[in-house]
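Note sheet for the following structure.
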Amino acid sequence: MEKVIIIRYAEIHLKGKNRGFFERVFFVNIERALKGLRHELRRISGRYLVEGFDEERVDEVCERISRVFGVHSYSVGYQVPSEMDKMYFAAKTVCPKEGTFKVVTHRASKKYPLTSMEINAAIGGRLLSEYKNLKVDVHDPQSHVYIDVRENGSALVFCAFERGRGGMPVGTAGKGMLLLSGGIDSPVAGYMMAKRGMSVECLHFHSYPYTNDQAKEKVVDLARILSRYSQTVALRTVSVTHIQEEIHEKCAEDLMITLLRRFMYRIAERIAKKAGAECLITGESLGQVASQTIEGITSSNSVVTLPVLRPLIGFDKEEIIERSVDMGAYETSILPFEDCCTVFLPEFPATKPKLSYILQEESKLDVEALVDEALQTTERIVL
Ligand code: ATP
Ligand code: MG
């Protein structure tokens, strides 16, 4: 009797002609998630089967599968020859020993000598006589015992469906450049785009030496956490120190953040295009802070042509935190290291800056030269 994991996918079946492509990417993504663990992955009629893993490490295998986008649900069960005795023994192993239950058989091969109903009755009956505290309830049972009789002479027996994360396989929806700060929001924003199948690359702006190495380490850690879901390969870092000094020296104080954001977007777009990314992704949420008003967003948007995706735009902080905890980033995000945006932070940032005012202040800077200079500081950290 071999322990196996049955994986079912989520929306992939919706994708008509592209189905083959989605399935291939999904397969590769599961393989990648299981890298380093002994296993065999196989496609079987509309599902995937993981076999040949070290049974003592089943929890680790499941944990990794649970992080793959596109997984709708998975079940740990047994693969046995489809003989009644063997299927019964597997059913006995997975079935709870008390409460109400129901056996549900599905036969892929109609050549099997018994019908599904007959298998249900025979195995259910034997379970009842084995465990005196079990009762059958066909309408609303506490547990199910599922028996999938396959065409190749084997059967899969399991009793629970674990929920996957849903979404689409990463790598099926283009590539985005995530502006990753050390905060709570941006890792969640990257997670959410990866969930819709987008490959995510990360870009972080620092103000070394105003911000320190620990702040940078924290962002590397966040990018690593994100990459468990998004397959992010690298984190790019760019220094905006000189840009901030220039804004601080030459421009109106209340526009510090507004002007810095416009520089970040410009630099991000240049890096995105070079890296083959088709959009920018940020963790902005409407109204959360002074710069995240529609006026602030309009001001940053107007310096780029790539689309800017903001998956958190309509989320409350609480909802974002929930997701941050769920993806395992929260503990790292709340470590208290300075972000570049806290350097030269104005006391009263402009919340509804007029574009004419922004342009007037910005004209005091050599924007192109500052962008080029910042790009020279780009570092690429492989995760
Ligand atoms: P976060 O929690 O992601 O830091 P926040 O609520 O602190 O967001 P802001 O600091 O206004 O909000 O940043 C808005 C967005 O701008 C961030 O979600 C991120 O996408 C981007 N951003 C801010 N600071 C940086 C940075 N240092 N490097 C890269 N991107 C940044
Ligand atoms: Mg921030």
Side-chain angles (χ1 to χ4, degrees), residues 176-193 200-208 210-212 214-220 222-223 225-226 232 235-241 243-244 255-272 277 279-297 299-301 303-304 306 308-313 315-325 327 329-346 349-351 353 374 377-379 381:
M177 183 61 70
L178 170 67
L179 280 74
L180 181 65
S181 71
I184 295 169
D185 306 329
S186 39
V188 177
Y191 173 93
M192 294 200 52
M193 292 324 301
V200 178
E201 289 291 307
C202 295
L203 170 61
H204 175 68
F205 298 102
H206 63 85
S207 323
Y208 190 79
Y210 299 103
T211 54
N212 59 23
Q214 280 172 304
K216 186 166 153 188
E217 262 318 299
K218 172 182 170 180
V219 177
V220 174
L222 286 173
I225 292 167
L226 175 63
T232 304
L235 164 71
R236 290 173 177 80
T237 64
V238 170
S239 166
V240 286
T241 310
I243 292 173
Q244 286 180 288
L255 286 187
M256 180 74 207
I257 303 271
T258 310
L259 294 174
L260 178 59
R261 280 278 180 282
R262 285 162 65 90
F263 275 100
M264 285 183 174
Y265 272 51
R266 287 183 181 104
I267 295 165
E269 180 168 68
R270 295 269 287 268
I271 291 180
C279 64
L280 306 182
I281 305 167
T282 78
E284 286 159 309
S285 151
L286 193 66
Q288 194 189 80
V289 291
S291 58
Q292 296 178 20
T293 56
I294 187 63
E295 291 83 357
I297 288 171
S299 142
S300 336
N301 255 28
V303 299
V304 291
L306 282 185
V308 183
L309 305 186
R310 301 179 176 86
L312 308 184
I313 198 69
F315 280 22
D316 294 342
K317 196 74 187 185
E318 256 176 56
E319 295 171 296
I320 300 171
I321 289 175
E322 238 172 68
R323 284 172 170 76
S324 169
V325 170
M327 72 178 280
Y330 187 66
E331 294 298 318
T332 307
S333 282
I334 58 175
L335 293 174
F337 303 120
E338 287 219 87
D339 184 54
C340 70
C341 300
T342 51
V343 179
F344 304 124
L345 196 66
T351 52
T377 70
T378 308
E379 282 177 50
I381 302 167

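Residue numbers count from 1 along this sequence. When a ligand or atom number is given, it counts from 1 through the structure's own listing order.
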Practice prompt. Tell me which part of L180 gets within contact of ligand 1: side chain, backbone, both or neither, using heavy atoms under 4.0 Å.
Written response: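 Under 4.0 Å from ligand 1, L180 contributes backbone atoms alone.
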Practice prompt. Specify side chain, backbone, both or neither for L178, according to which of its non-hydrogen atoms lie closer than 4.0 Å to ligand 1.
Written response: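 L178 to ligand 1: no contact under 4.0 Å from either part.
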Worksheet item: Would you say S239's side chain and T377's backbone share a donor-acceptor pair under 3.5 angstrom?
Response: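 No; zero donor-acceptor contacts below 3.5 Å.
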Discussion item. Could you check whether any side-chain N or O of S285 sits under 3.5 Å from a backbone N or O of F315, counting only pairs where one atom can act as donor and the other as acceptor?
Written reply: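 Yes, the answer is positive, given that a donor and an acceptor are paired below the 3.5 Å cut-off.
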Those atoms of ligand 1 less than 4.0 Å from some heavy atom in [X]:
{"X": "I184", "value": "2 (O)"}
{"X": "G183", "value": "1 (P), 2 (O), 4 (O)"}
{"X": "T282", "value": "20 (O)"}

Worksheet item: With sequence neighbours left out, what residues match R266 under salt bridge (Lys or Arg N to Asp or Glu O under 4.0 Å)?
Response: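 For R266, the residues satisfying salt bridge (Lys or Arg N to Asp or Glu O under 4.0 Å) (neighbours in sequence not counted) are E362.
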Give me the atom names and distance for the closest heavy-atom approach of [X] to [Y].
{"X": "L286", "Y": "I294", "value": "CD1-N, 3.9 Å"}
{"X": "R262", "Y": "S300", "value": "CG-CA, 4.1 Å"}
{"X": "T232", "Y": "C202", "value": "CG2-SG, 3.8 Å"}

Regarding [atom]: of the candidates [options], which has the closest heavy atom?
{"atom": "atom 4 (O) of ligand 1", "options": "G190, S285, G283, S181", "answer": "S181"}
{"atom": "atom 10 (O) of ligand 1", "options": "E284, M264, R261, R310", "answer": "R261"}
{"atom": "atom 30 (N) of ligand 1", "options": "L222, L179, V308", "answer": "L179"}

Worksheet item: Is the shortest distance from a heavy atom of L203 to ligand 1 less than 4.0 Å?
Response: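 Yes, that is the case, since the closest heavy atom of the residue is under 4.0 Å from the ligand.
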Discussion item. My understanding is that only residues two or more places apart in sequence, or in another chain, count here; which of them pass side chain to side chain donor-acceptor pair (under 3.5 Å) with S186?
Written reply: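 If we apply the side chain to side chain donor-acceptor pair (under 3.5 Å) test to S186, skipping adjacent residues, the hits are S181.
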Worksheet item: Any N or O on F205 sitting closer than 3.5 Å to an N or O of ligand 1?
Response: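 Checking ligand 1 against F205, an N or O pair does fall under 3.5 Å apart.
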